[in-house]
Novice: 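Here you go, one structure.
Starting from 1, each residue takes its place in the sequence as its number. Worth knowing before you read on, the calculation uses all heavy atoms, side chains too, and leaves out hydrogens, waters and symmetry mates.
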Amino acid sequence: MIGTTRLIAALAFPLALSGCVTGADYSRNEAGFTSVANKTATVTAKETVWIQNQNQARSAAAQVKGLLARTKPLDVETAVQIALLNNKGLQAAYADLGDSAADAWQSTMFINPTVSIGTTGMGTPELGAFKTIEGMITTNILALATRNREVAIADTRFRQAQLIAAVKTLQVAADTRRAWISAVASWENVGQLQHAQAAADAASELAEKLGETGAMAKGAQAREHVFVAELAGETAKARLAARLAKEELTRLMGLWGSDLDYRVPNNLPPLPKSVVRRDTIEAEALRNRIDLQIAKLDLEATARSYGLTEATRYVSDLEILTGFETEREIEDDETKTRTTAQVELEFAIPIFDTGKARMRKSELAYMRAANLLAEKAVNVRSEARSAYEAYRSHYDIARHYRNNVVPLRTRVEEESLLTYNGMISNTFELLTDTRDKINSTLLSVNAKRDFWLAEADLAPAIYGGGATKAAAETEVAAASESSAGGGH
């Protein structure tokens, strides 16, 4: 009985050395997600969910089907909402957030002590006998002493994971918006080419009839026919590009099966009457960019880790051993019991490893995090300026094509058709003017697409979610379209 009492006391002794910290905030199923949902809702004005059971999955699926059924054709805002509800990669990012919450939860728990109990005995009843019962509990005192710092580091990493999940949410929303714009612009190109194809087919049939009567030479007929054939090839290429663009949108929205029957509009929205002025976009970006906040938290966590390394520089392993020893001896048919308590302190002597190398690594980690944060701040300002410059410039370019290039090309084609009907110009000149009109129309559509892509990049430049990637994709798309424009 005496041994049992002392064993309980020994168990309680290490636990009394530290305060009681609860992990309730981390143990909830949606720990940290509410903050993510609220933060992203202020930017996207959309709802996002973390699906963790069958009921939530069925509810989200029903909501997606309802959105698809109500919105025909699919507008950009509905597409973004569907992606935030149905994108599986986003759900994986939320699972990473839950994993970080579990790590933070684990950090609030005490390290389990090690208990050892044993008995020894010798002798015979005739000669006298004794039995020894030993019990020992080992607890890492250094872990208990640095526990609050460990919890603070884990909490910082958890808040960092919240921001990472928010960035992923904004990235899915921005990518979906860009994919919708690209898909609609691609189908608008198809429509323009089909319109030109119909006119070219009619001209080709007329040329064939004129050739039968001898009114048109074979060379002129061949020019009409090859123009139609080339236009058919360009239309097929444009239709393929439109289908692939729609597939990209489908992937981001996480759709499959019967849900693939949705349609997107055939034309992008017209240009706005004016652009939005964002003279303070740099300050907005520095204040709101979530990836910049992640870098700040990384620096904070590194600083805390540096402090922990400094605290454990000389003593990296400190354990307290508490226990008891009970001796029971039989002598002259009389049992005698004697119990003694034991307390031992066990630690490593820093003779060879004084912790300088670990301190140096911690210093370098802090310097690295500080420089990365400074670089991020510079890049954020630059990305914000670039996004607004692209937005303004693409608006001017798209308006130029709409107001100047396309009307002039239309007038040239109309005049060419009049002179052709009056037998003043030849077929080759008419085909050249028609080809140039088609190219100008397609360039106008692409310029309008680039403007809406640049407009979609403003929010990521201010809040995070892939502004750099988007700008690169816009430049590549514009370059490819410009190089392809000469082939029509």
Side-chain angles (χ1 to χ4, degrees), residues 20-64 80-112 143 146-176 251-256 288-302 304-305 308 369 460 463-466:
C20 181
V21 179
T22 176
D25 292 338
Y26 307 122
S27 62
R28 292 194 294 265
N29 287 340
E30 295 197 6
F33 177 72
T34 301
S35 174
V36 173
N38 292 338
K39 184 180 289 290
T40 56
T42 59
V43 181
T44 64
K46 301 291 183 298
E47 175 192 5
T48 185
V49 296
W50 184 7
I51 300 173
Q52 301 186 63
N53 54 56
Q54 289 296 326
N55 290 334
Q56 292 175 339
R58 283 192 291 267
S59 176
Q63 193 171 351
V64 168
V80 171
Q81 180 61 82
I82 290 173
L84 294 182
L85 293 173
N86 206 44
N87 186 283
K88 305 308 177 187
L90 194 55
Q91 293 300 315
Y94 295 156
D96 290 339
L97 173 60
D99 187 64
S100 178
D103 289 339
W105 183 15
Q106 181 67 45
S107 70
T108 64
M109 299 180 183
F110 295 106
I111 297 178
N112 293 327
T146 60
R147 179 170 174 270
N148 289 339
R149 295 191 184 189
E150 294 281 5
V151 171
I153 293 172
D155 181 71
T156 302
R157 293 301 184 191
F158 170 66
R159 288 185 285 128
Q160 195 175 23
Q162 286 180 297
L163 295 178
I164 291 173
V167 166
K168 178 64 176 177
T169 304
L170 296 181
Q171 183 178 3
V172 169
D175 288 348
T176 304
R251 286 194 294 271
L252 286 166
M253 293 191 296
L255 301 179
W256 59 283
N288 297 309
R289 276 286 286 265
I290 299 178
D291 51 348
L292 187 60
Q293 297 172 28
I294 292 173
K296 291 178 181 177
L297 284 178
D298 188 57
L299 180 63
E300 179 183 334
T302 304
R304 292 182 183 275
S305 298
L308 182 63
Y463 298 99

Novice: Roughly how far, to the nearest 0.5 Å, is CG of Asp155 from CD of Gln160?
Specialist: 11.5 Å

Novice: For the atom pair CZ (Arg157) and CD (Glu300), what is the distance rounded to the nearest 0.5 Å?
Specialist: 9.5 Å

Novice: Are Met253 and Val64 close enough that some pair of their side-chain heavy atoms sits under 4.5 Å apart?
Specialist: no

Novice: Can you tell if the side chain of Lys296 reaches within under 4.5 Å of the side chain of Leu299, non-hydrogen atoms only?
Specialist: no

Novice: For Leu90, run the side chain to side chain contact (heavy atoms under 4.5 Å, CB included) check against Thr169, Val49, Ile51 and tell me which one passes.
Specialist: Thr169

Novice: Which pair of non-hydrogen atoms, one from Ala369 and one from Asp298, has the smallest distance, and what is that distance?
Specialist: CB-OD2, 4.0 Å

Novice: Please round to the nearest 0.5 Å and tell me the distance separating atom NZ of Lys46 and atom CG of Leu84.
Specialist: 8.0 Å

Novice: Determine whether a donor-acceptor pair (N or O, by modelled atom type, separation under 3.5 Å) exists between the side chain of Asn87 and the backbone of Gly254.
Specialist: no

Novice: Are Leu97 and Phe158 close enough that some pair of their side-chain heavy atoms sits under 4.5 Å apart?
Specialist: yes

Novice: Do side-chain atoms of Glu47 reach the backbone of Gln81 as a donor and acceptor pair under 3.5 angstrom?
Specialist: no

Novice: How long is the span from the CZ atom in Arg251 to the OG1 atom in Thr176, to the nearest 0.5 Å?
Specialist: 11.5 Å

Novice: Between Leu297 and Leu163, does a side chain to side chain contact (heavy atoms under 4.5 Å, CB included) hold up when you go through it step by step?
Specialist: CA-CA 10 Å; Leu297 284 178; Leu163 295 178; 3.5 Å; yes

Novice: Could you tell me which residues satisfy salt bridge (Lys or Arg N to Asp or Glu O under 4.0 Å) with Asp291, sequence neighbours excluded, listed by chain and number?
Specialist: Arg289, Lys376

Novice: Please work out whether the ring planes of Phe33 and Trp50 are parallel, tilted or perpendicular, with thresholds of 30° and 60°.
Specialist: tilted

Novice: Any heavy-atom pair between the side chains of Ile82 and Leu255 that's under 4.5 Å?
Specialist: yes

Novice: Taking it one step at a time, do Lys39 and Leu170 satisfy side chain to side chain contact (heavy atoms under 4.5 Å, CB included)?
Specialist: CA-CA 10 Å; Lys39 184 180 289 290; Leu170 296 181; over 6 Å; no

Novice: Hey, does Asp103 have a side-chain heavy atom less than 4.5 Å from the side chain of Asp99?
Specialist: yes

Novice: If you look at every heavy atom in Gly465 and Ala174, which pair is closest and at what distance?
Specialist: O-CB, 4.0 Å

Novice: Can a donor-acceptor pair be found between the side chains of Gln162 and Arg159 at a distance below 3.5 Å?
Specialist: no

Novice: Quick check for you: to the nearest 0.5 Å, what is the distance between Arg58 atom CZ and Asn53 atom CG?
Specialist: 8.5 Å

Novice: Tell me the closest heavy-atom pair linking Ala60 and Leu85, and the distance in Å.
Specialist: CB-O, 4.3 Å

